Amino acid sequence: MTWSAAARGLHQPDNTAFTQQRLPAWQPLLSAGIALPLFFCAGLAFLGLGLGLYYSSNAIQELEHDYTGDAGAGSCAACAAQGQGRAPPPPCSCAWHFTLPELFPGPVYLYYELTGFYQNNRRYGVSRDDAQLSGLPGALRRPANECAPYQFSGGLPVAPCGAVANSLFNDTFSLWHQRRPGAPYVEVPLDRAAIAWWTDYHVKFRNPPLVNGSLALAFRGTAPPPNWRRPVYELSPDPNNTGFVNQDFVVWMRTAALPTFRKLYARIRQGNYSAGLPSGAYRVDIAYNYPVRAFGGHKLLVFSNISWMGGKNPFLGIAYLVVGSLCIVVGFVMLAVYIRFQDQDDDDNDDE
Amino acid sequence: MRKEGKKRRKRKEEKKRVVVSNLPFEGWSPKENPNQQYRGNQIKTSKYTILSFIPKNVFEQLHRFANFYFVGIVILNFIPVVSAFQPGVSVIPVCVILAVTAIKDAWEDFRRYTSDKVINNQECFIYSRREQSFVQKRWKDVRVGDFVQMQCNEVIPADILLLFSSDPSGICHLETANLDGETNLKQRCVVKGFSQQEGQFQPEHFHNTVVCEKPNNHLNKFKGYMEHPDQTRTGFGSESLLLRGCTIRNTEVAVGIVIYTGHETKAMLNNSGPRYKRSKIERRMNTDIFFCIGILFLMCLCGAIGHSLWNQTFKEHPPFDVPDANGNFLPPALGGFYMFLTMIILLQVLIPISLYVSIELVKLGQVFFLHNDLDLYDEESDLPIQCRALNITEDLGQIQYIFSDKTGTLTENKMVFRRCTIMGREYCHQENAKRLETLKEVDSDSEEWTQYQCLSFPARWAQRPATMRSQGGTQPLRRSQSARVPIQGHSRQRSVGRCESSQPPVAFSSSIEKDVTPDKNLLTKVREAAQWLETLSDAKPAKPSQSTSSSTADFFLALAICNSVMVSTTTEPRQRVTIPPSTKALGTSLEKIQQLFQRLKLMSLSQSFSSTAPSDTDLGESLGANGPTTDSDEKDDTSVCSGDYSTDGGYRSSTWDQGDILGSGSGASLEEVVLEAPDLGLAKPELCYEAESPDEAALVHAAHAYSFTLVSRTPEQVTVRLPQGICLTFDLLFTLGFDSVRKRMSVVVRHPLTREIIVYTKGADSVIMDLLEDPGCVTDADLQKKMKKIQARTQKHLDLYARDGLRTLCIAKKVISEEDFRRWANFRHQAEASLDNRDDLLMETAQHLENQLTLLGATGIEDRLQEGVPDTIAALREAGIQLWVLTGDKQETAVNIAYSCRLLSQMDTVYSINTESQETCESILNCALEEVKQLHQLQKPDCKLFGFRLPSETPSTTSGAAVPDAGLVIDGKTLNVIFQGKLEKKFLELTQYCRSVLCCRSTPLQKSMIVKLVRDKLSVMTLSIGDGANDVSMIQAADIGIGISGQEGMQAVMSSDFAISRFKHLKKLLLVHGHWCYSRLARMVVYFFYKNVCYVNLLFWYQFFCGFSGSTMIDYWQMIFFNLFFTSLPPIIFGILDKDISAETLLALPELYKNGQNSECYNLSTFWISMMDAFYQSLICFFIPYLTYKGSDIDVFTFGTPINTISLTTILLHQAMEMKTWTFIHGLVLLGSFLMYFVVSLLYNAICVTCNSPANPYWVMENQLSDPTFYLVCILTPVVALLPRYFFLSVQGTYGKSLISKAEKIDKLPVDKRNLEIQSWRNKKRPAPVTEVAQSAHHPAPPVPQQDFRTSTPKSSSPHKRKHVEDWMLHGQRGSRECRREDPCLGGPSAKLSSGQHLLEPNRTLVPGAYSRGQNDVRQPLSRGSHRRSQSSLTI
């Protein structure tokens, strides 16, 4: 430091605003005078926002049903009991009946919800291979080490590898509507397409290149995950929805952040149901496959509609309301402080 | 192998270096050359080479604990079971931090490398046998044993033994500015036996062997001998050694043989680069890091336990519990343990590793600003502040104790001749004193002119000789100034002896030093003396006269001769006047001068005694007229000073000289004189005196004022021009240089007229008075009486001078016989030739000569206070800093300076302790302590309701001005007693009550002991400031050492952490820069801790929702970027640029400094408050998003992105709230960081489809940006997180009672209003500014001498026959009043002593007097000086 200046020859420092630390500066001094209007403005704005959020969140309807099958709770109890202690549990089906007294406004989204399922467990969350899922042939044959112990099965590479894929949620649902009592149940069309993120479905997840136009051949030499009953290329008969790009699979692979999570199962927006679910009796047929009682989890089915700000979320609205009123309270405290200070300041001036 | 080792060891043990000429071996293989074992002259100060850089630098960096920790974490990450992140990725932060440090190191090293290269490639001339001449080679080719030829103004490439100089007397002049900053020319002489060479030096005829010491770092110590082919030996010493880095001056050609090269040269061995100290903040930080480690440990433990508990809640393994690769599950305990390690990796950022790098960068920035401050730049010396220690800038803001040297630090070290006493008669030079008063104003005026001059010649200033060493491992600070000489010679009318370094001609001393207005009485005496000298010229044997006139002449001759002042002219090129021009002109010898003298005598006799003579220019008259002449000169100068000065650099001397000469010339009709006059006038339009010490210059100038002008000096001869205008050339037989042990110097000369051999000695009074001829030995009763009287009176005058704060020197002479001298000279030569033990022998010989002296007189030289010293001291004091002065000077001088610089005020109670006995010392300490405590309790009884009679009131080190002030004066002997007698505790306790402490007569060792004592026992931050070599130990002992680049060389600067050029700079350095650096860095450190804890806790909270599995919701890359890019720059900018309070306010209100002293910005509480805040903010930042997204279909990274964004916003806004000053840089950096986050995240999330296996946040950011909830969360959360802090800050801003917040408010006001506020603040703090004003007269008025200061001295021989003398001086009314009241109490501790009663008895009787005096003071507080020295001495 010193040497460079010496080498410059003339030792006199430059007389610039920067070197002399005289740059024009704004010195905001936090004081009641400045803070007061800020607090009130922020408080009012937050109150307004909060009210809006609160009402729009309240406008959202939700209908949920726990079909885990705890003892004596609906028809799924039998399935739950049947699958107890058996891995994989035998196929079983049960149903959930409910009645809508009035129209459930659309668009209606059907979610399944799992509780106590730690998809965010570190070793679980990393037990996957995005390279394999993006369809790289090399990665298909050599899954990442993170997938272990679901990396190889009987010497064959597992596709898709890893614990996340292995634990794929495999309950299926179908919705039936009875317009009038006694009338036959009509199946409500469930839109199962585009439930995953567009980028996931189109970019991130890709099937390996077809061999002779066949996906099955492309996956030859790989084993399905141990828990799976079918190989990956048979997940769906629809060629655009099978293999790694199966929508349900893609949705599942986007691991949830918290142990209680929902995943989109379907949207109801077709035919007569585009405006929502009309009133009447409904039945959901559940193919009960997925065991959750072992870890004390629950499975739920949720019908929900959404608003501009997403799903039902009363918290944000309340939080805004609380913070808004807090700001106003603090504002008043500040005002008191300000007034007292003014008085005191006057006193001080009197003293002088 | 072993044999070789032995051999090597043997060689090591050899204490000699043998050097022979290289020439016979030229062209041989290197192995044949006996000199080949010595290293070459190439220097390499760079640490690394391109190849070795990476391993060496990494190795060095890993030595730091912090990096070691980080690398350990990375290694941990490579263990698969515990790894939290991908191992490869986790290396990145370490690499980045190591890389940043490495780049910094590499840059520094590269600069060293390039400067080395420049130096190594400088050119020099080496003799080549093949070419039969000196050929041009590079510095790096110089080898030991080579013959190097140097020309004038060349820099010396290696340590060279001088063998030949073009100067006929074998002398070579040297400027050592590059080495030690001293610019006065040093003489080096050719090794004996080589001086009589005609014309050219023949290296090929050199067959001698040089034997000398091994390389060492003593610049001034060197000895060795030369063995001739015939086995005879010649000794030589440092006077023949040319040191690398010095510059040859005034000598056309010099040739020598290379002795030491490259790194073995003394200059290089002396060079110990910048020092590394650990600052207080860093120490504090390290403990806080341990707290962080504690927190980390707790959090990891929490994670580990949580994980094993969580695992146990499952009866069977759930699908999300993944077994290891073999399908096995870990037992919970082991799983918990692994989780502990994983958590360490996860939460590692809690230990802010990047903090160290950031702090280093911040300090670089702070040093940059320090270095660039114009206020710390001294125009006169062209020196900005030098920061030699780069890492303790913030310590400047926390200083509690300052230890200051006196001479050269508080004072200018610019000596001014003030008074003298000759043969017991005092000449007080009142005119001179008057002139000095007026000159002050001139000084300040001329400053602007100097500035202008400086600015108008930038081009010339910039053009420096290429030979200058731009970096010079040896001497980074000073360059040679030869290029500047011409400008300065002319432009600088107010040259600064003080800053020799910048200004080569030392002797271009300021007008203050140069001019002495002669005392009228003394002038008459001189006139008489001149007449007496004329009688001498009759070549009669000298009368054994003790007449005053002869003594007066002798006195001035001694002043002119007895020194080592070199004479040169100011004209360019600087030519040393070595040959008396008169001699040259007449081609003469002594006889001729005598003839001339004779004739002149006739002439002047005829004229001077016929006062009616028309040509009324007789010497006496002209001399008499000198006084007024100068005065008028002076007036002229003040009015037209710039023009006059710029045309004539050496203005005054020249007019004087010419005036004298022309005066005598025109008056004298003698041809010789007329012939001589123009010669003199032309040859030396003016004379410049280059003195090693300013005292010497002052004395020579004083002699000059009385027309005893030193005209030239060679090693053999000194020529003095007498008042008559003729020159007298003395043969210089011997010079015994000044050294600090002997404290005197002597010259032995042969008087040209009387042929007597005379020893003139000058030295410290204490020494000289002991060496005087004992009057008892003199047979003549009259003479004996007279001598006694003279000695007594001189002593009295000396005391008077000392009391006035003058530095005293005694002048004495002695006449010895030819035979005695010859005997002594032999003895001396033997001593000089001996290799061992030489110093002792030399000392002994010196003592043989310097005894039985006859006292001529004494001089009083004033060392003027530096500009702005009282002001600075007052400000520092107000800032709560305790100032101690540690000086080697006499007590009286020191006390006077202390009064004049307002270190002690008139109202203070001053205790002075001088004793050599432990018991008395203890009892005095006890008494003083008791009394001071009483004083304190009386002073503030209303402050402490119940503290009135409490025996121990805690002394506050930062006691304000309201407390009664006590001063303590203590001398070196007493200090010794205190240190030996384990009285340190009492001493320190007493000093804590004292506002200022003065230690006189202290040795360098004692100085450092005191500093260490205070530093360690009171655990306070200390600063030492000094300018001389005797301050080095003190400077090194303190937490911060400050060197003043002054007259006494560079040793203090070289050992200091900061070097400033004036004491007054200390004010801004501490009060402004210290405060800024401290508050910036402290707040940055606190912020850094906050930032890391806040961010890391987010991850920790997440563990509660992921089964304590160590997973993160934020992609690892984004976490890395977060710390490395998004949040790193704002704190650094903050640490470099933020200003809480403007410089003006800080200077106006020194109290604000207490903020740093009390570590208010960064202490345990601020640390924990910020920790709490960090916890709170991280809770908010995590749980608001958590509650928002709970139960939704949010995925891991989509959940993490808003959290990351929120915490970034919060952290940046928090920073914004901390910033007190916003410049566009602040704004740009904050906004830039924020935007960079989005840009980088968007890019990363858009590009990375498969890159970061196994999981990646593809398209997450984009997705979030299209979600309104994201924005809602991002607006709400930072507001909630920062609300408490904002609220608190606003309340503090409005309501704050702290000094800082008040000052901030004041700072916001417009300038005029601000000044008003500051004024009223200061008035509030100091209720009685009247006294301040009264005292503000800067010059110490001569105190009314009520009691002799040394009353103790005569009393010590009183009937009591006590060995020890205690002066217990009490002044000020309060102290004495108290003393009386509390007598019984005082008696308590000392009653056990046998002398206790005696000690107190006189005291009691004394008190009333002091008391009544005190009463007077109350009535007349403005009558300065009247009560000043109401000290009472008591003797046991």
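By convention in this document, chain letters (A, B, ...) are assigned in the order of the sequence lines, proteins followed by strands, and residues within each chain are numbered from 1. Fair warning: this is a prediction, and the values are worked out from it, not measured in the lab.
Using a 4.5 Å cut-off between heavy atoms, B:S1192 touches chain A through its backbone atoms (N, CA, C, O) alone. Heavy-atom distances place the side chain of A:F315, and not its backbone, under 4.5 Å from chain B. Both the backbone and the side chain of A:W308 come within less than 4.5 Å of a heavy atom in chain B. At a 4.5 Å heavy-atom cutoff, B:L376 makes no contact with chain A through either its backbone or its side chain. Using a 4.5 Å cut-off between heavy atoms, A:L36 does not touch chain B at all. Heavy atoms of A:Q20 lying under 4.5 Å from chain B belong exclusively to its side chain. With a 4.5 Å cut-off on non-hydrogen atoms, A:V203 touches chain B through its backbone and its side chain both. For a residue to count as touching a neighbouring chain, one of its non-hydrogen atoms must lie under 4.5 Å from one of that chain's; by this rule B:V1072 does not touch chain A. Of the atoms belonging to A:P24, it is backbone heavy atoms, and not side-chain ones, that fall under 4.5 Å from chain B. Within the 4.5 angstrom heavy-atom criterion, only side-chain atoms of A:C327, from C-beta onward, approach chain B. With a 4.5 Å cut-off on non-hydrogen atoms, A:F46 touches chain B through its side chain but not through its backbone. Heavy atoms of A:V333 lying under 4.5 Å from chain B belong exclusively to its side chain. Of the two parts of A:L133, neither the backbone nor the side chain holds a non-hydrogen atom closer than 4.5 Å to a non-hydrogen atom of chain B. Contact of B:T1198 with chain A is made through the side chain alone, with heavy-atom distances under 4.5 Å. For B:V1280, the part lying under 4.5 angstrom from a heavy atom of chain A is the side chain only. Proximity to chain B is limited to the side chain of A:N313, based on heavy atoms less than 4.5 angstrom apart. With a 4.5 angstrom heavy-atom cutoff, B:D324 touches chain A via backbone and side-chain atoms both. No part of B:T313 comes within reach of chain A, as not one of its non-hydrogen atoms sits under 4.5 angstrom from that chain. At a 4.5 Å heavy-atom cutoff, the contact between B:H1073 and chain A is made by side-chain atoms alone. Within the 4.5 angstrom heavy-atom criterion, only side-chain atoms of B:P1268, from C-beta onward, approach chain A. Both the backbone and the side chain of B:F1105 have a heavy atom closer than 4.5 Å to some heavy atom of chain A. Only the side chain of B:Y1102 has a heavy atom closer than 4.5 Å to any heavy atom of chain A.
Taking SG of B:C387 as the start and CZ of B:F368 as the end, the distance is 11.5 Å to the nearest 0.5 Å. Between atom CD1 of residue B:I1141 and atom CD1 of residue B:I1306 there is a gap of 9.0 Å, rounded to the nearest 0.5 Å. The OG1 atom of B:T1221 lies 9.0 Å from the CG atom of B:L1137; values are rounded to the nearest 0.5 Å.
Ranked by heavy-atom pairs under 4.5 Å with chain A, the list B:L1272, B:D373, B:I1194, B:T1269 is led by B:L1272. Chain A forms more heavy-atom pairs under 4.5 Å with one residue of B:A325, B:P318, B:S1109 than with any other, namely B:S1109. The candidate with the highest count of non-hydrogen atom pairs below 4.5 Å against chain A, out of B:F369, B:W1076, B:F314, B:Y1189, is B:F369. Among A:L53, A:T260, A:T199, the residue making the largest number of heavy-atom pairs under 4.5 Å with chain B is A:T199. Per-residue heavy-atom pair counts under 4.5 Å with chain A were compared for B:L1289, B:V1279, B:N1263, and the maximum is reached by B:N1263. Put simply, of A:L23, A:T255, A:V337, the one with the most heavy-atom pairs under 4.5 Å next to chain B is A:T255. Ranked by heavy-atom pairs under 4.5 Å with chain B, the list A:F18, A:F39, A:W197, A:Y150 is led by A:W197. Contacts with chain A were tallied for B:Y1186, B:F1108, B:F1270, B:F1197; B:Y1186 has the most, counting heavy-atom pairs under 4.5 Å. Counting heavy-atom pairs under 4.5 Å between each of B:M1217, B:E1262, B:E316, B:M1219 and chain A puts B:E316 at the top.
Heavy-atom contacts from other residues, nucleotides or ligands closer than 6.0 Å to OH of A:Y338 number 12 or fewer. A 6.0 Å sphere centred on CZ of B:F1224 holds no more than 12 heavy atoms belonging to other residues, nucleotides or ligands. No more than 12 heavy atoms of other residues, nucleotides or ligands shown are found within 6.0 angstrom of OH on A:Y54. Open room surrounds NZ on B:K1190; 12 or fewer heavy atoms of other groups in view lie less than 6.0 Å from it. Within a 6.0 Å radius of CZ in B:F1183, other residues, nucleotides and ligands contribute more than 12 heavy atoms.
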Assess whether salt bridge (charged side-chain N to carboxylate O under 4.0 Å, His left out) is satisfied between A:R262 and A:E64, documenting all intermediate values. CA-CA 11 Å; A:R262 288 174 186 178; A:E64 59 178 46; 3.6 Å; yes
Between A:K204 and B:W1259, is the side chain to side chain contact (heavy atoms under 4.5 Å, CB included) condition met? List the steps. CA-CA 9 Å; A:K204 196 172 174 183; B:W1259 215 251; over 6 Å; no
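Residues B:S1111 and A:N120 bring no donor and acceptor atom of their side chains to less than 3.5 Å of each other.
Shortest non-hydrogen contact noted between B:T1223 and B:H1226 is OG1-ND1, 2.9 Å.
Legend: salt bridge (Lys or Arg N to Asp or Glu O under 4.0 Å) pairs involving residues 15-30 of chain A, not counting sequence neighbours: none detected.
In this structure the side chain of B:H307 never reaches within 4.5 angstrom of the side chain of B:T342, judged on heavy atoms. Inter-residue side-chain proximity for A:R206 and A:L136 is flagged as unmet; no heavy-atom pair is nearer than 4.5 Å.
By the salt bridge (Lys or Arg N to Asp or Glu O under 4.0 Å) test, B:D375 is found to be paired with B:K1068, residues two or more places apart in sequence or in another chain being considered.
With ring centers used as reference points, A:F205 lies 6.0 Å or more from A:W252. Ring pair A:Y118/A:F295: centre-to-centre distance not below 6.0 Å.
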